[in-house]
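In the text below, chain A, chain B and the rest are named by the order of the sequence lines, each starting its count at 1. Note that the coordinates shown come from a computational prediction; the quantities given were computed from them, not determined experimentally.
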Amino acid sequence: MSATVFLFYFLSVLALGSAIMVVVSRNPVHSVLWLIATFFAISGHYILMNAQFIGIVNLIVYAGAIMVLFLFVIMLMNMNADSEPKKNKWLKLAGVVSGGCLLLVMVAALKSAEVKGQLVQMKDGDIGLIANLGKALFTDFVVPFEIASVLFLSAMVGTVVIGKKGD
Amino acid sequence: MKIEYYIVLSLALFCIGIAGVLTRRNAIIIFMCIELMLNAVNLLLVAFSKMHHVAEGAKNVAMAGIDGQLFVFFIMVVAAAEVSVGLAIIVMMYRNTHSVDVNFLNRLKH
């Protein structure tokens with residue numbers, strides 16, 4: 001087993017295990033910490049595929065900024081395992097069964113997929129490097145890039161308006 | 001590494017996210033499960049971009065498959081905006097009802 005294959009399986013197990021822990025943890029703070037572990041595993045997958053820019057942006061934006069925002073809100077609300085409401089166990093079972101059925105159907109649909117057996121390029125190829133991505137971003141994708149800045153501005157204004165006290 | 005492994009991994013992450021959305025009642029955990037589903041899609045987009053880079057690279061298309069990684073970049077942009085607005089709504093909801101239980105809020109008033 002080569003190092004790449006070993007790393008792929010290791011990161012996959014890490015991602016799936018911590019994703020399951022996100023769902024089953026009773027304490028919301030633990031859920032956030034497991035979600036950070038999932039994001040680290042997914043970033044590891046990106047770096048394994050030599051998508052270096054996406055890997056680092058995933059770490060900075062998701063594991064850094066967004067998860068800190070989640071932790072901040074959870075600690076602001078002073079939530080812990082006791083504040084979690086009790087839920088009917090049949091409803092939980094129904095949720096898990098419907099998620100599992102979707103997984104089953106989509107994996108079964110993969111059986112006759114056109115892309116089956118094609119190889120993913122690991123650890124080389126230069127499309128994930130920041131120079132090439134930046135060149136494509138500022139030539140072919142410059143209009144969506146500018147629209148994204150407007151989106152950020154509107155999100156910022158919206159957050160301030162929603163979060164304002166006294167209305 | 002074959003593309004099927006990545007498809008199955010992304011599908012499993014996505015379905016864990018769906019099961020989380022369906023089983024949990026805490027609004028913040030539901031939001032985190034949505035982030036998990038977005039990340040599963042991102043992983044699959046990067047895997048497909050690298051797959052097309054190999055497939056089209058034989059035809060001398062140098063930057064084939066770069067669109068997939070730029071889409072991931074834009075998904076991250078939208079996700080960041082979505083999280084900031086969504087968490088503001090959840091904080092507002094908590095301030096009005098002192099609860100983040102979604103079953104408590106199913107009538108969309110009080």
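The contact between B/Leu38 and chain A is made entirely by side chain atoms (from C-beta outward), counting heavy-atom distances below 4.5 Å. Of the two parts of B/Leu43, the backbone and the side chain both hold a non-hydrogen atom closer than 4.5 Å to a non-hydrogen atom of chain A. Within the 4.5 angstrom heavy-atom criterion, only side-chain atoms of A/Phe152, from C-beta onward, approach chain B. Residue A/Leu137 touches chain B through both its backbone and its side chain, counting heavy-atom pairs closer than 4.5 Å. Proximity to chain B is absent for every atom of A/Asp140, based on heavy atoms less than 4.5 angstrom apart. For chain B, the nearby parts of A/Ser31 are the backbone and the side chain; heavy atoms of each come within less than 4.5 Å. Looking at B/Val21, neither its backbone nor its side chain comes within 4.5 Å of chain A, counting heavy atoms on both sides. Looking at A/Met49, the atoms closer than 4.5 Å to chain B (heavy atoms on both sides) sit in the backbone and in the side chain alike.
The candidate from A/Leu48, A/Leu102, A/Ile54, A/Thr4 with the greatest count of non-hydrogen atom pairs under 4.5 Å with chain B is A/Ile54.
Contact detail for A/Gly95 and B/Thr23: the closest heavy-atom pair is CA-CG2, 3.9 Å. Nearest heavy-atom pair across B/Leu22 and A/Ser98 is CD1-OG, 3.4 Å.
Taking the centre of each ring, A/Phe145 and B/Phe74 stay at or above the 6.0 Å mark. When ring centroids are compared, B/Phe73 and A/Phe141 stay outside the 6.0 Å threshold.
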